[in-house]
Engineer: 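This is the structure I want to talk about, given as structure tokens.
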Amino acid sequence: MEKQQSDLDRERQYCELCGKMENLLKCGRCRSSFYCSKEHQKQHWKKHKLICKEAEKAQLPKQKPEQAPPSGDYEAPEIKPEQADSASLPQTTYTEAPVVGGRPVEDGSNNTATSNGQTSTSPQKLALEYIVPCMNKHGICVVDNFLGAETGLGILENVKSLHKTGKFTDGQLVSQKSDSTKDIRGDKITWIEGKEAGCEKIRFLMSRMDDLIRHCNGKLGNYTINGRTKAMVACYPGKGTGYVRHVDNPNGDGRCVTCIYYLNKDWTAKEHGGLLRIFPEGKAQFADIEPKFDRLLLFWSDRRNPHEVQPAFATRYAITVWYFDADERARAKEKYLTGAGEKGVKVELGKPSDPS
């Protein structure tokens with residue numbers, strides 16, 4: 001039982017600034033917060049110091065009389081390597097598929113709950129009979145054949161044309177631009193509003209995503225969704241590029257649902273890699289999602305779904321949109337406007353930069 005609890009504790013360890021889960025360092029004063037680097041600890045110190053001081057006060061009875069805490073507005077304490085880094089979980093995935101229209105849905109995504117052949121299903125039916133129950137039960141939902149081959153190919157052509165323009169730039173971390181970014185994520189990205197010339201098919205995809213979420217709204221957890229980001233078009237250029245384990249929204253920036261559309265024809269994980277591996281919080285399983293052509297993936301954006309993009313050995317395209325919960329978004333904006341937010345929060349609020 002103690003070992004099981006220890007495993008769960010490790011699964012709740014994240015860099016307080018960027019959400020990264022590997023090679024963590026523990027705050028030497030409060031011993032309850034973690035960071036991936038001293039640089040991120042310093043950036044987060046303005047916000048963390050209040051919690052850190054309170055945690056230290058709570059530990060005072062355990063201290064010897066001569067051990068008094070430092071006074072004043074002290075600097076960020078030393079952070080030390082955390083020995084209990086998050087370990088890989090056994091390779092088992094969800095096996096229970098939800099029911100659509102009174103019949104079991106075929107399981108076509110490594111046993112992850114998935115809906116196939118949905119092109120003839122209305123957005124409302126798909127939303128209410130499949131996506132809502134699937135998300136509320138599993139927190140992850142896969143829809144195959146979302147728009148059909150013809151529309152999917154049109155979107156892919158839009159994306160390839162965009163890529164040729166040279167407008168894609170290195171993906172950045174939410175916190176800041178960093179020399180170590182490429183060690184964490186290897187994708188190239190561009191942001192699309194949908195009105196740009198040559199992006200008509202991408203705009204249609206965004207409208208279909210919006211239709212689904214509109215029909216789901218008020219039924220996904222306790223969220224009231226009132227907006228979304230622009231579409232982030234991402235390309236992993238192969239050569240083993242990926243994205244280490246992380247959380248899209250570790251700090252309450254308003255994002256509640258991550259919605260990803262994949263564009264990779266004839267993709268096989270065995271040959272091309274590039275799996276999205278999700279580690280649902282508190283579960284002894286992980287879910288492997290292949291970035292297959294015309295596949296739509298939805299999952300909760302917060303700490304319930306740490307995930308990673310495994311090394312890709314062929315060009316891997318995806319389009320990601322994040323949907324906002326009204327209350328959390330308003331609180332995040334208030335924190336920023338009152339000066340409580342970090343410099344990176346402005347980036348988060350404008351166009352989050354955590355791809356999947």
Side-chain angles (χ1 to χ4, degrees), residues 94 97-101 103-135 138-160 162 192 194 199-217 219-220 225 228-235 257-269 274-276 278 287-301 305 307 309 316-323 355-356:
Y94 298 123
V99 174
V100 175
R103 59 183 175 82
V105 176
E106 287 183 27
D107 189 351
S109 175
N110 295 323
N111 295 326
T112 301
T114 180
S115 172
N116 293 297
Q118 291 294 339
T119 51
S120 61
T121 303
S122 70
Q124 183 175 11
K125 185 179 180 70
L126 178 59
L128 298 180
E129 295 188 7
Y130 176 66
I131 292 176
V132 167
C134 189
M135 284 291 287
H138 299 294
I140 304 168
C141 185
V142 178
V143 180
D144 281 331
N145 309 311
F146 178 52
L147 297 176
E150 184 178 350
T151 303
L153 286 172
I155 297 168
L156 179 58
E157 286 305 311
N158 277 186
V159 169
K160 286 183 174 180
L162 268 177
I192 297 298
C199 296
E200 292 78 12
K201 297 296 184 180
I202 296 175
R203 181 178 184 177
F204 176 74
L205 166 66
M206 295 164 71
S207 71
R208 286 300 303 272
M209 289 177 170
D210 290 349
D211 285 344
L212 277 185
I213 297 298
R214 191 177 298 113
H215 289 301
C216 292
N217 205 5
K219 301 176 179 66
L220 290 174
I225 296 172
R228 60 162 168 78
T229 65
K230 295 180 181 180
M232 188 190 74
V233 184
C235 170
V257 175
T258 300
C259 194
I260 310 172
Y261 182 71
Y262 293 112
L263 289 156
N264 308 295
K265 293 285 290 181
D266 304 317
W267 191 277
T268 61
L275 284 170
L276 178 72
I278 305 178
D288 280 344
I289 313 295
E290 289 192 56
K292 291 183 177 180
F293 178 76
D294 200 27
R295 168 171 282 177
L296 184 73
L297 168 67
L298 303 93
F299 58 89
W300 302 133
S301 304
N305 284 318
H307 54 281
V309 177
R316 178 189 188 275
Y317 289 115
I319 298 176
T320 304
V321 169
W322 286 271
Y323 287 88
S356 300

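Computation of the quantities below employed the complete heavy-atom set of this structure, encompassing side-chain atoms and omitting hydrogens, waters and symmetry-equivalent molecules. The structure presented is a predicted model; accordingly, all values stated were derived computationally and were not measured. When a residue number appears, it is its place in the shown sequence, counting from 1.
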Engineer: Using side-chain heavy atoms (C-beta onward) and a distance below 4.5 Å, is Cys259 in contact with Tyr323?
Structural biologist: yes

Engineer: Would you mind reporting whether Val257 and Trp322 have side-chain heavy atoms less than 4.5 Å apart?
Structural biologist: no

Engineer: Below 4.5 Å, heavy atoms only, C-beta onward: do Leu296 and Leu212 meet side chain to side chain?
Structural biologist: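 Leu296 vs Leu212: side chains touch.
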
Engineer: Report yes if the distance between the aromatic ring centroids of His307 and Phe299 is under 6.0 Å, otherwise no.
Structural biologist: yes

Engineer: Sequence neighbours left out, what passes side chain to side chain donor-acceptor pair (under 3.5 Å) with Arg228? Give chain and number order.
Structural biologist: Asp210

Engineer: When you compare the side chain of Thr151 with that of Ile155, does any pair of heavy atoms fall below 4.5 Å?
Structural biologist: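 Contact flag for Ile155/Thr151 side chains = yes.
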
Engineer: Between the main-chain N or O of Gly274 and the side-chain N or O of Arg316, is there a donor-acceptor pair closer than 3.5 Å?
Structural biologist: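 It does hold such a pair.
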
Engineer: Between Phe146 and Arg208, is there a cation-pi geometry (under 6.0 Å to ring centre, at most 45° from the normal)?
Structural biologist: yes

Engineer: Is any side-chain heavy atom of Ile131 less than 4.5 Å from a side-chain heavy atom of Val143?
Structural biologist: yes

Engineer: Do side-chain atoms of Tyr130 reach the backbone of Val142 as a donor and acceptor pair under 3.5 angstrom?
Structural biologist: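 Such a contact is found between Tyr130 side chain and Val142 backbone.
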
Engineer: Could you pull out all residues at least two apart from Gln124 that satisfy side chain to side chain contact (heavy atoms under 4.5 Å, CB included)?
Structural biologist: Ser122, Leu128, His215

Engineer: List for me each residue that meets ring-ring contact (aromatic ring centres under 6.0 Å, His included) alongside Tyr261, sequence neighbours excluded, and say none if there are none.
Structural biologist: none

Engineer: Keeping Glu290 on the side-chain end and Ala269 on the backbone end, is there a donor-acceptor pair under 3.5 Å?
Structural biologist: yes

Engineer: Tell me whether Thr229 contacts the main-chain N or O of Val321 through its side chain, where contact means a donor paired with an acceptor under 3.5 Å.
Structural biologist: no

Engineer: Mark yes or no: Lys265 above the aromatic ring of Phe293, with NZ or CZ under 6.0 Å from the six-membered ring centre and no more than 45 degrees from the axis.
Structural biologist: yes

